[in-house]
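Just so it is clear, the structure is predicted and the values come from calculations on it, not from any experiment.
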Amino acid sequence: MPKLTEQEQREIIRYIEAGKPLPDKFRFLLFEEKREVELVWNGKTNEVCNIVLPFQVIEQVDEPRSEGKKEKQYKMFEAMGFSLDNRGRQLKGWTNKLIWGDNKLILSSLKNGPLREEIEKQGGLKLIYIDPPFDVGADFSMDIEIGDDTFTKKPNILEEIAYRDTWGKGADSFIAMIYERLVLMRDLLAEDGSIYVHCDYRVTPYIRLVLDEIFGHDSYRNEIIWCYQGTGKSPKQYKRKHETLWFYNKTGSWIFNAAEIGQPFGEKQIKKFSGKDKDGYYKEYKHADGKVYRKYLSEDDYLPINDWWSDIYVIQDHSERVGYPTQKPEALLERIIKASSNEGDLVADFFCGSGTMAAVAEKLGRKWIVSDLGKFAIHTTRKRLIGVQRQLKEEGKNYRAFEILNMGRYERQHYIGVNPNLREVEQQKQLDEKENAFIDLILRAYRAERTAGFHTFSGKKAGRLVVIGPVNMPVTRLFVEEVIIECRQNHITRVDILGFEFEMGLFPFALDEAKAKGIDIAPKYIPADVFDKRAVEKNQVVFHDVAAIEIKPHIKKNSVAVELTDFSVFYSQDSIANAEATLKDKSSKIVVEKGQIVKVSKDKDGIVSREVLTKNWTDWIDYWSVDFNFESKKEFVRMPVTSSEPSPPTPLPKGEGRFEEVWTGEYIFENEWQSFRTKKDRALELTSSICECEPGRRKVGVKVVDIFGNDTMMIVEVKV
């Protein structure tokens, strides 16, 4: 520490005794590190998240669509160096990752957790591209087509609050959010890795200073200006028609393939090579030493790409559009990926939106990790990547399996504040205390009152008892059976069961069993929004009923196909009464009320009319898929060796390093066949292809994703 004068020391003491903050000049006097320029904001800290949560595999997609016989497919993939099992499943090698959740926790878990080993085995993460959202409404309100009308789906409260906290509090909150995530991204990058940060006029100055501070000014490579044309006028200022990309590298060496992205010589350049000899066309130029040299025209000659890009347009090809408002053109990502990575490299995008980065990376032979907080973004990306797989399969080209992951129950355990580093007994004590507070929070959000003296019941509401499922695992059949037993013991006939997740295949069988015993059970999903106290206080939290699927298996000899016969949902967004009360004349509004999408209109005379847009149960379905042999692949997570798992552990022999593989008690949904709607094709098949199976009993899994991006599972047992 620099030596302070006596006067400076007395001045510091006076400030401390008075309980006043020290003036900024003392920060530079007290600490040796002096930066010429430093970005300072309210609440700035160097603390970075170091939490490690295990990733759960929700779904795996190895092939875009099975059509029964697979022998030809096996031979094609084996010729490409892939090893497949008898179902066409990729047995080894990197599996691409599509991750749903808070990217701060995702980045921390990737950096410090067991997946880091896998990343390093692939040569490290060579390229990160991010395009953080700037406008909550634009980024999370989705336009959904219903017949000839378009319904705007609002962001869920979790998305809205997360980004309201980031942008609603001004520059301080945005910089704090992006700073911590960029530090984690820097640490996750390979030594020769690069990062591109895409931003617009609202945050460009801040981003440059943040990147300079994190990566260092010497790591700055380019400010890239992406220019584009458009219609419209701006009467009070120049029309904004560009966005900025900041390009930084991690260390002294980095990948940059200038020739890969360079433009071929045009007629103007070629004409300069007017001379010709036995070695080809050439042009002459005089060197400083007076000698004349010849430069020969080569196939490798190219025009370098400058740092302003006017040759990439906003999306023109409507077949590329996937209905995501902030979607970027594939050509933009193609240039970045080609320039700053090589074929086979691992690339990432932690604000993936509609999945453009992943789609282009797949086409260019790169491995990828992408993530997003929005469930709809994850679903949009899933459909888009399956479309890319189908295209590559049709062209006879290689494609790689991808899996959808989240931190599910483990992320919820983190939210309620359980310290995973405590000993098991202490952790359980803390969990009990936190769960009591958690139950109070859920009951308050559900607007129910607390009850006592029961084993399974936590509250009551409108003549119904309320059961809250465990915070760290799904509601299971055993759990429901305990509820039924206590109902019969106490002559209780009406119960609401609230849960984050419900065991696959639990419904409708558990409900039928309860109904046969005179008990009406209503299962409802606890939305993640309950973790925001403001949403609870304002009664904004909506507990949706569990959607119901009906299917019909078609079995013939040694094959099975699945027909989707019904799907019921119970969502609400706004209300008909509110729309009627607030509508202006000659206007209309689309609302969702009790599982129906209704268009409410008011004519010039103030006469109100209603039109139900969901005319058929199929209108609610955006996507559905089939796993013809569910429960064939167990789900394992890698947990710290010293921690207590949230479900009974089944360790594999010899845990690796600081982590060991643990069976969660669940199975991975292996996506073998799917049908879904696209912007171009709104048709939906309701019967799957026929799948040849080994004789015997098996469980078939069916997953339906509705137009809001929420998924529902059903398992049915069949005998082939």
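The aromatic ring centres of Tyr248 and Tyr220 sit less than 6.0 Å apart. The six-membered or imidazole ring of Trp673 lies near that of Trp624, with a centre-to-centre distance under 6.0 Å.
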Between Arg677 and Asp622, is the salt bridge (Lys or Arg N to Asp or Glu O under 4.0 Å) condition met? List the steps. CA-CA 6 Å; Arg677 305 184 197 275; Asp622 186 64; 5.2 Å; no
For side-chain contact (heavy atoms from CB on, under 4.5 Å), just list the numbers for Ile621 and Ile707, CA-CA rounded to whole Å, side-chain angles, deciding distance to a tenth of an Å, and then say yes or no. CA-CA 6 Å; Ile621 300 174; Ile707 56 177; over 6 Å; no
Residues Ile336, Leu245; criterion side-chain contact (heavy atoms from CB on, under 4.5 Å); working and verdict: CA-CA 10 Å; Ile336 291 168; Leu245 292 99; 3.6 Å; yes
Does the pair Phe351 and Asp131 meet the rule for a side-chain contact (heavy atoms from CB on, under 4.5 Å), with working shown? CA-CA 6 Å; Phe351 295 88; Asp131 181 8; 5.6 Å; no
Kindly indicate, with the supporting measurements, whether the criterion salt bridge (Lys or Arg N to Asp or Glu O under 4.0 Å) is fulfilled by Arg208 and Glu223. CA-CA 9 Å; Arg208 170 68 193 269; Glu223 176 187 13; 5.3 Å; no
Residue pair Leu107, Met185: steps toward the side-chain contact (heavy atoms from CB on, under 4.5 Å) verdict: CA-CA 7 Å; Leu107 283 161; Met185 289 180 208; 3.8 Å; yes
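Between Arg390 and Glu394 there is no salt bridge, since none of the side-chain N atoms of the basic residue sits less than 4.0 Å from a carboxylate O of the acidic one. Using a 4.0 Å cut-off between charged nitrogen and carboxylate oxygen, Asp102 and Arg181 count as a salt-bridge pair. Here Arg335 pairs with Asp311 in a salt bridge; the nearest charged N to carboxylate O distance falls below 4.0 Å.
Every ring pair (Phe, Tyr, Trp, His ring centres under 6.0 Å) that Tyr293 has, sequence neighbours left out, goes to His287. Listed by chain and residue number, Phe256, Tyr302 satisfy the side chain to side chain contact (heavy atoms under 4.5 Å, CB included) test with Ala258 (two or more places apart in sequence, or in another chain). Not counting sequence neighbours, the partners of Lys295 by the side chain to side chain contact (heavy atoms under 4.5 Å, CB included) test are Phe273, Lys283, Tyr285, Asp301. Arg382 is linked by a salt bridge (Lys or Arg N to Asp or Glu O under 4.0 Å) to Glu59, counting only residues two or more places apart in sequence or in another chain. Looking at residues two or more places apart in sequence or on another chain, you find no ring pair (Phe, Tyr, Trp, His ring centres under 6.0 Å) involving Tyr129.
Leu184 and Lys104 get closest at one heavy-atom pair: CD1-O, 3.8 Å. The two residues Ser625 and Phe669 come nearest to each other via the heavy atoms OG-CE2, 3.4 Å. Taking both residues in full, the closest heavy atoms of Ser675 and Leu684 are given as O-CD1, 3.6 Å, listed atom of the first, atom of the second, then distance. Considering every non-hydrogen atom in both Ser194 and Ile255, the closest pair reads OG-O, 4.3 Å. Annotation for Leu346 and Trp94: closest pair CD1-CZ2, 3.6 Å, computed over non-hydrogen atoms. Contact record, Asp372 with Gly374: OD1-N, 2.8 Å, taken as the closest heavy-atom pair.
At least one side-chain heavy atom of Ser109 sits less than 4.5 Å from a side-chain heavy atom of Met407. Here the side chains of Ile225 and Asp307 are not in contact, with every heavy-atom distance at 4.5 Å or above. Residues Ser371 and Leu98 form no side-chain contact, since every pair of their non-hydrogen atoms from C-beta on lies 4.5 Å or further apart.
If you take CG on Leu385 and OG1 on Thr380, they are separated by 11.5 Å, rounding to the nearest 0.5 Å. Rounding to the nearest 0.5 angstrom, the gap separating the CH2 atom in Trp246 from the CG atom in Asp212 is 8.5 Å. Considering CD of Gln389 and CG of Asn398, their distance stands at 10.5 Å, rounded to 0.5 Å. Interatomic distance, NE2 of His198 versus OG1 of Thr204, reported as 9.0 Å (0.5 Å rounding). In this structure, CG in Leu115 is found 8.0 Å from CZ in Arg638, a value given to the nearest 0.5 Å. Between the CG atom in Leu332 and the CH2 atom in Trp226 there is a gap of 5.5 Å [rounded to 0.5 Å].
Sorted by first then second residue, the side chain to side chain donor-acceptor pair (under 3.5 Å) pairs that include residues 337-348, not counting sequence neighbours, are Tyr196-Ser340, Asn257-Asn342, Glu334-Lys338, Ser341-Arg366.
Judged purely by distance below 3.5 Å, without hydrogens or angles, the side chains of Gln391 and Lys397 never pair a donor atom with an acceptor atom. When only modelled atom types and interatomic distance are considered, Ser354 and Arg384 share a side-chain donor-acceptor pair under 3.5 Å. A donor and an acceptor atom, one from each side chain of Asn96 and Glu362, are located under 3.5 Å apart.
A distance-only check finds a donor-acceptor pair linking the side chain of Asp627 to the backbone of Glu670 [under 3.5 Å]. Side-chain N or O atoms of Lys126 include none that pairs as donor or acceptor with a backbone N or O of Gly124 at under 3.5 Å. At distances below 3.5 Å, not a single donor-acceptor pair connects side-chain atoms of Lys241 with backbone N or O atoms of Tyr238. For Asn306 (side chain) and Trp308 (main-chain N/O), no donor-acceptor pair under 3.5 Å exists by modelled atom type. In this structure, the side chain of Trp100 engages the main chain of Leu373 through a donor-acceptor pair within 3.5 Å. Judged by distance alone, with hydrogens and angles left aside, the side-chain atoms of Lys250 form a donor-acceptor pair with the main-chain N or O of Arg186 at under 3.5 Å. For Glu672 (side chain) and Phe628 (main-chain N/O), a donor-acceptor pair under 3.5 Å exists by modelled atom type. Using a distance-only test at 3.5 Å, with no hydrogens or angles considered, a donor-acceptor pair links the side chain of Ser108 to the main chain of Cys49. A donor-acceptor pair is defined here as one N or O able to donate and one able to accept, closer than 3.5 Å; no such pair exists between the side chain of Asn222 and the backbone of Ile224.
Because its NZ or CZ atom is both nearer than 6.0 Å to the ring centre of Tyr282 and within 45° of the ring axis, Arg294 counts as a cation-pi partner of that residue. Annotation: cation-pi geometry satisfied between Arg240 and Tyr201 (NZ/CZ under 6.0 angstrom from ring centroid, within 45° of ring axis).
Note on ring orientation: taking the six-membered ring where Trp is involved, the planes of Phe676 and Tyr623 are parallel (angle under 30°, cut-offs 30° and 60°).
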